[in-house]
Amino acid sequence: MKKYIILALTSLLALTSCESFLDRSPLSDLSPSSYFKDKAEMKNWNAGIYDAFQSALSKRQVLFGDVRSDNVTGTTYEDSKIYMNALMPNISDASWEPFYTCISRCNIGIQKYPTIHNILESEYAPYIAQCYAMRAYLYFWGTRTWGKMPIITEPWDGSLNSISIPRSSLEEVKELILSDIEKAIGYFNMIVNETSDKYYLSKDAMYALLTEVHMWYNEYQEALIASDHFINHKTLVLSNGEVEWKKIFTNPSDSKEVIFAMAWNYETDGALGGWPQLLGASNTNNGYRMSQPIFDEFIDRLRSGEGYDARFWNTIDTVKIYYKASRVPLTYASYTAGVESVNKCIKYSDIDLAREYDSANQVYKSYFAVKNTTDSEFALVMMRMANIMLLRAEALNKLNRGDEALSIVNDIRSRVGYLKDAKLEVSSVNNTNEVENLILQERQLELFGEGHRWFDLMRTGHLIEVMDPIYSARQEAANVTVTGFGHEGTKYWPIYYSEFESNKALIGDQNAPYTER
């Protein structure tokens with residue numbers, strides 16, 4: 001917690017911000033003590049909140065949600081500590097400091113906006129709504145990742161030597177998240193013409209988050225009520241067809257399925273290198289690739305005679321796999337034959353305009369332009385309709401409405417070309433275990449690389465069941481002691497070791513079985 005404390009009230013000086021979050025220019029002296037003199041400065045401060053949000057999750061969305069799960073396998077360049085479920089408190093990505101930097105900025109906005117001279121509540125409502133919304137969103141990510149979290153809702157004005165903020169209970173963190181969502185929705189309701197910009201949190205985003213939160217705590221009826229917001233929504237719908245599906249990732253601001261995405265601009269933000277570095281970089285060896293069971297399921301669907309699944313070739317470059325595998329039809333063996341192509345996820349990639357054509361064989365050698373770690377610029381999708389509708393399907397299933405749940409699965413499938421009726425894949429639509437497993441598989445295919453799988457397994461109680469044999473196999477292959485999943489507490493990340501140095505109230509409260517050093 002070192003830096004986020006300092007960054008709160010006494011030294012938020014280096015913030016880069018501007019009149020618009022998406023069109024930033026540097027400003028100086030953004031200390032809260034000398035800021036908030038007029039209404040226009042709210043826009044600038046909120047820009048700083050979104051900047052901090054980028055630092056908190058631009059890489060770790062997929063690091064926390066995908067790379068420890070069965071979504072991926074290693075490429076021999078993986079981080080062995082993560083890959084073997086042997087996390088240590090000295091891994092820098094274990095630091096929650098970027099989360100609290102963002103949360104601190106939210107706290108300042110919540111406190112300061114109403115104090116601006118001659119301001120009306122209706123004028124600060126859009127900005128304070130986003131402060132509450134972002135704080136709820138970051139605490140939700142945080143509690144899923146680390147469990148208990150220190151609750152900080154006031155700007156911090158203490159010195160580094162007097163920090164003493166213990167972790168609050170899981171229930172207290174939940175209460176804060178739900179309270180912040182409620183307050184955010186209340187302020188969003190005051191806005192006459194709410195922005196439809198996908199790069200800002202909105203009332204729609206709060207109902208999406210509310211659905212996720214209730215599902216995380218197994219509150220199925222409440223999740224169903226929250227997701228009702230999206231039934232017959234006037235602007236948000238599932239993408240229709242593979243072209244629209246691809247646009248979710250290549251042009252999220254123009255996608256009717258996207259609820260919220262992380263804006264990114266190369267000129268102001270630099271390269272968004274973290275995602276390619278983990279899942280598919282053109283200029284280096286990324287550590288992780290799609291696991292073979294996912295690949296095999298896509299092959300099953302390709303050969304099913306009941307349509308196809310366009311998510312296959314829009315997630316990895318099957319054109320390149322086909323070419324590398326000596327131009328034979330795709331089969332299960334193509335996973336190994338086309339390993340270079342399987343290594344590179346192209347979910348956020350556009351068509352490569354410079355793709356090479358093999359005139360002798362009259363085929364392209366590849367199709368998509370793989371992102372790199374030095375000049376990549378794209379917007380990570382954080383919330384979208386498919387996630388919410390599949391969560392709704394889970395809730396329906398838990399409420400013994402399996403037929404309705406599987407109708408949603410069929411909607412998710414058919415829009416990308418796979419026409420097999422999910423209701424025929426279970427012994428009965430009333431078999432909640434079979435229906436849940438089918439929904440989870442559909443989520444795995446749909447949401448690959450978007451940071452959901454680990455939390456799906458945690459939420460549904462399948463984490464150890466699924467990951468224990470996988471970790472055992474990885475450990476055996478690496479010729480290390482086979483411990484499988486190990487301690488159940490490793491479902492959480494450790495608290496970064498330096499947090500115990502700056503916040504003495506944390507001492508003795510590390511997540512078991514991790515140490516504090």
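Remember, predicted model here, so these are calculated numbers, not experimental data.
To the nearest 0.5 Å, atoms NE2 (His117) and CG (Asp38) are separated by 11.0 Å.
The existence of a salt bridge linking Glu450 and Lys347 is confirmed by a sub-4.0 Å separation between a basic side-chain nitrogen and an acidic carboxylate oxygen. A salt bridge does not link Arg459 with Glu212: every distance from a Lys NZ or Arg NE/NH1/NH2 to an Asp or Glu carboxylate oxygen is 4.0 Å or more. Between Asp456 and Arg453, no side-chain nitrogen of the basic residue sits less than 4.0 Å from a carboxylate oxygen of the acidic one, so the salt-bridge criterion is not met.
Applying the salt bridge (Lys or Arg N to Asp or Glu O under 4.0 Å) criterion to Arg135, with sequence neighbours excluded, gives Asp180. Looking at residues two or more places apart in sequence or on another chain, you find no side chain to side chain donor-acceptor pair (under 3.5 Å) involving Gln277. Ser80 meets the side chain to side chain donor-acceptor pair (under 3.5 Å) test with no other residue; sequence neighbours excluded.
Within a 6.0 Å radius of CD in Glu404, other residues, nucleotides and ligands contribute more than 12 heavy atoms. Dense packing is recorded around NZ of Lys174, with more than 12 heavy atoms of other residues, nucleotides or ligands lying under 6.0 Å away.
Ring geometry for Tyr83 versus Tyr288: interplanar angle of 30 to 60°, hence tilted. In this structure, Phe64 and Trp493 have perpendicular ring planes: the angle between them is above 60°, well past the 30° mark. Between Trp146 and Phe99, the angle of the ring planes goes over 60°, which puts this pair in the perpendicular group of the 30/60° scheme.
In this structure, a donor-acceptor pair under 3.5 Å is present between the side chains of Asn387 and Arg443. Side-chain atoms of Arg167 and Asn503 form no donor-acceptor pair, as typed in the model, at a separation below 3.5 Å. A donor atom on one side chain and an acceptor atom on the other are found under 3.5 Å apart for Ser253 and Asn251. No side-chain donor from either of Tyr187 and Asn189 sits under 3.5 Å from a side-chain acceptor of the other. Side-chain contact of Ser239 with Glu257: a donor-acceptor pair under 3.5 Å is present, judged by distance alone.
Smallest separation of non-hydrogen atoms from Val435 and Ala405: CG1-CB, 4.4 Å.
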